[in-house]
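Everything on this sheet refers to the single structure shown next.
The analysis underlying the following values was restricted to heavy atoms, covering all of them including side chains, and did not include hydrogens, waters or symmetry mates. Ligands are counted one by one from 1 in listed order, and the atoms in each one are counted from 1 as well.
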Amino acid sequence: MTTALFWFRKDLRLKDNLAWTKACESHRIHPVFILEPELISNSGPYRRQQFFSNVSALAAEIKSIGGELSIIQGPARDVLARYIRENNIDCIYFNADTTPFSRQRDEQLAKDISVPINTFWSGLVHPPETVLTQKGEISKVFTPFYKKWVTLPAPPSVEDSQPIFVDAQQNTWNETQDLIPSTSNQGYKAAINRLEKFLKVVDDYHESRNFPSKEGTSFLSSDLHFGTIGPREILHRLSSNREGHRQFIRQLAWRDWYSHLLFANQDIPTKAANPSYDNISWRDNPEEFENWTKGQTGYPIIDAGMRQLSATGWMHNRVRMITASFLVKHLLVDWRKGERYFRKMLIDGDVAQNCGNWQWVAGTGFDAAPYFRVFNPMLQSKKFDPTGIYIQRWVPELESLSNAEIHAPWEHDQATLQKYNLMLGETYPFPIVNHADARERAIATYKEARG
Ligand SMILES: Cc1cc2nc3c(=O)[nH]c(=O)nc-3n(C[C@H](O)[C@H](O)[C@H](O)COP(=O)(O)OP(=O)(O)OC[C@H]3O[C@@H](n4cnc5c(N)ncnc54)[C@H](O)[C@@H]3O)c2cc1C
C-alpha cells in the first residue's frame, strides 16, 4: 500500500471531508498540519486561539483512532518537499481554497514537488466554477446565482472513512508536541454542539437573525472558516420547505457566492469590484479611525458593536453592516482599512467573506448596496435593538438610559443626562460627526468618484 501525506488546511475535521475520504480509500495516511507564519501573523488573538484549539482538537481526535498528526513549521514551500523525501511519501491529498495566498502557494508547490498532488473541494456546498450563467460565467448578481445554486442537486454525503495510519515512529520530524498549546475544547465536537443547539431555534431564524441581543443565529462562521464542520453536513440537516431553514440555506449560498467570486476575481481584496469606485477621495482621518476601533464614536450602536468585537472577536451580522457602513460612509475611511481591521480581529475573519461583505457595504462590490444608501445609525439601532439591551451590555456608561433615550443620547437635555450621571464629552463622547452632514458628504464624494 502506498503512503499519502494528508495535508489539513481549512478542513480541520475527519467527517464530510472529501479529500480525506479519498486519501483513506487507497493509501496509508500520514496526517500533517503545517504551521505557516502567515497563518499566525494575519490572525488576531481570538482567531489564533480558536485556530490552536481546533488543531489541538483534531490532533486528539486522530490520536483516538490510532494516528498521530504531525505539526510542522512552514512556510509550506520551504518544508514540504523535504518532508516528503524524508518520510517516503508517495502522493499528497488536500482540499483546495480560493484565496490568492493559497492558490499562489499551491501552484508553486505543484511545480516544486515531484509526487502526485490530488485536490478536492470540501469547504463549500458547490465548488467554484460549478454555478454558472448560460454564458458560462459566475453571476455578478446574487439572486440569479442563488436561483441556480439552490436548484443544483445537493451534493451527496461524504462517506466516513477507516484510515490506516503510518506508524508514528516512522516520522522523522517530531516537532508536533510543542508547537500548539493543548486546548481541545473546540474542533468538530464543539461545532456539532453549536449546530445541534441552533437546530432547536432555526425555525425562527428568519425573524430573529437581525437582532443582536438575541441568540438567533448559528455562531458557526468560525467553524466554517476553519472547516471544523463542512457546509454540506449542515445543509443535510436542513429542510428547504421551512422558512427559517430556507433563509439559513440562503446564507450558506452567500458564503459560496463570495468564495466563487474571489476564485474568479483574485484582486477583490485590493480593488473595487466596480472600477468607478477606485477613485473615491477617502478622508482616512487616523484619529477618527482609532475612535471607531475603540468604540468611541458617540453613536451607541456603533460603539457597542466595536466594543463587542474588541472584547470577544465576534460581532453580530447586522451590527457588522452598521459599523462598516459608518466607517466607510460617515467617516470616509477606505473600506480596505476597515476590512483589514475586521479580518484581524474577527474569530471568523475570512478573506472571501470579509472582503465580499466590506465591498458590499461600501457599495464598491458586485451587486452591492447602492452608493446613496447610507445607514442611519439611530434608525438601525431603534429597529434592531429596540429595548437597548445590546447597547447596555457593551456601553455600560449608557445603561441607565431608557429604551427611547439610549439610541441618541445627545438629543436629550442636560437635566435628563444629569439624572443618569451622563456628561457628554466626559463620560461618553459627543458624536464624532453629525449624521445628516456626513450623509451628504458621503453621497457627494461617491458621486464625484463616479464622474
Ligand atoms: C462588514 C462585514 C464583514 C464580515 N466578515 C465576515 C468574515 O470575515 N467571515 C465570515 O464568515 N463572515 C463575515 N461576515 C458575514 C456575517 O456577518 C457572518 O458570517 C455572521 O455574522 C456569522 O454569524 P453566524 O455564524 O451566527 O451566522 P448565521 O446567521 O448563523 O449564518 C450561517 C452562516 O452563513 C454564512 N453567512 C451568513 N451571513 C453571511 C454573509 N453576509 N456573507 C457571507 N456568508 C454569510 C456564514 O458562514 C454563517 O456562519 C461579514 C459581514 C459583514 C457585514
| Within-cut-off N or O pair, R209 and ligand 1, under 3.5 Å | no

| Can you tell me if F248 has a non-hydrogen atom under 4.0 Å from ligand 1? | yes

| field | Under 3.5 Å: N/O of S218 near N/O of ligand 1 | value | yes

| message | Any donor-acceptor pair under 3.5 Å linking the side-chain atoms of Y277 with those of Q359? | response | no

| field | Geometric N/O contact D348 with ligand 1, under 3.5 angstrom | value | yes

| query | What is the nearest protein non-hydrogen atom to atom 52 (C) of ligand 1, stated with its residue, atom name and distance? | reply | N357 CB, 3.4 Å

| message | For atom 4 (C) of ligand 1, what is the closest protein heavy atom, and at what distance to 0.1 Å? | response | N354 OD1, 3.4 Å

| atom 38 (N) of ligand 1 - nearest protein heavy atom and its distance | Q251 NE2, 3.0 Å

| query | Just heavy atoms, cut-off under 4.0 Å: does L224 contact ligand 1 by side chain, backbone, both, or neither? | reply | side chain

| request: List every atom of ligand 1 that sits less than 4.0 Å from any heavy atom of Y258, numbering the atoms from 1 in the order shown and giving each element. | output: 42 (N), 43 (C)

| remark: atom 24 (P) of ligand 1: closest protein heavy atom, distance to 0.1 Å, is F219 N, 3.6 Å

| field | Ring center gap for W20 and F8 short of 6.0 angstrom | value | yes

| field | Which residue and heavy atom of the protein sit nearest atom 17 (O) of ligand 1, plus the separation | value | N317 OD1, 2.7 Å

| query | Can F198 be said to touch ligand 1, with heavy atoms closer than 4.0 Å? | reply | no

| Is it true that the NZ or CZ of R103 lies under 6.0 Å from the centre of F263's six-membered ring and within 45 degrees of the ring axis? | yes

| said: Is it the case that the side chains of D256 and W149 hold a donor-acceptor pair, with the cut-off being a distance below 3.5 Å and no angle test? | reply: yes

| query | Does any N or O atom in S221 lie less than 3.5 angstrom from one in ligand 1, N or O only? | reply | yes

| request: Can you measure from CZ (R320) to CG (L346) and round to the nearest 0.5 angstrom? | output: 4.5 Å

| task | May I ask which of H225, Q247, R255 has a heavy atom nearer to atom 46 (C) of ligand 1 than the others do? | result | R255

| query | Closer than 4.0 angstrom: is that true for some heavy atom of M321 and an atom of ligand 1? | reply | yes

| task | Name the option, out of F342, F142, W358, W314, that contains the heavy atom nearest to atom 23 (O) of ligand 1. | result | W314

| request: Decide whether the shortest distance between a heavy atom of Y205 and an atom of ligand 1 is less than 4.0 Å. | output: yes

| note | atom 13 (C) of ligand 1 has as its nearest protein heavy atom R320 NH1, 3.2 Å

| field | Identity and distance of the protein heavy atom lying nearest atom 8 (O) of ligand 1 | value | D350 N, 3.1 Å

| request: For atom 43 (C) of ligand 1, grab the closest protein heavy atom and report residue, atom and distance to one decimal in Å. | output: Q353 OE1, 3.1 Å

| query | Which part of L346 is near ligand 1, with near meaning a heavy atom under 4.0 Å away: side chain, backbone, both or neither? | reply | side chain

| request: Would you mind reporting whether T119 and D106 have side-chain heavy atoms less than 4.5 Å apart? | output: no

| query | Are the aromatic rings of Y390 and F384 close, with centres under 6.0 Å apart? | reply | no

| message | Quick one, Q247 with E243, criterion side chain to side chain donor-acceptor pair (under 3.5 Å). Give me CA distance, side-chain angles, the key distance, then yes/no. | response | CA-CA 6 Å; Q247 286 301 323; E243 187 53 19; 3.1 Å; yes

| task | Flag A324 as yes when one of its N or O atoms lies below 3.5 Å from any N or O atom of ligand 1, and as no otherwise. | result | no

| query | Any chance the side chains of D303 and Y428 put a donor and an acceptor closer than 3.5 Å? | reply | yes

| Between Q380 and Y299: side-chain donor-acceptor atoms closer than 3.5 Å | no

| said: Tell me whether the rings of H330 and F326 are parallel (<30°), tilted (30 to 60°) or perpendicular (>60°). | reply: parallel

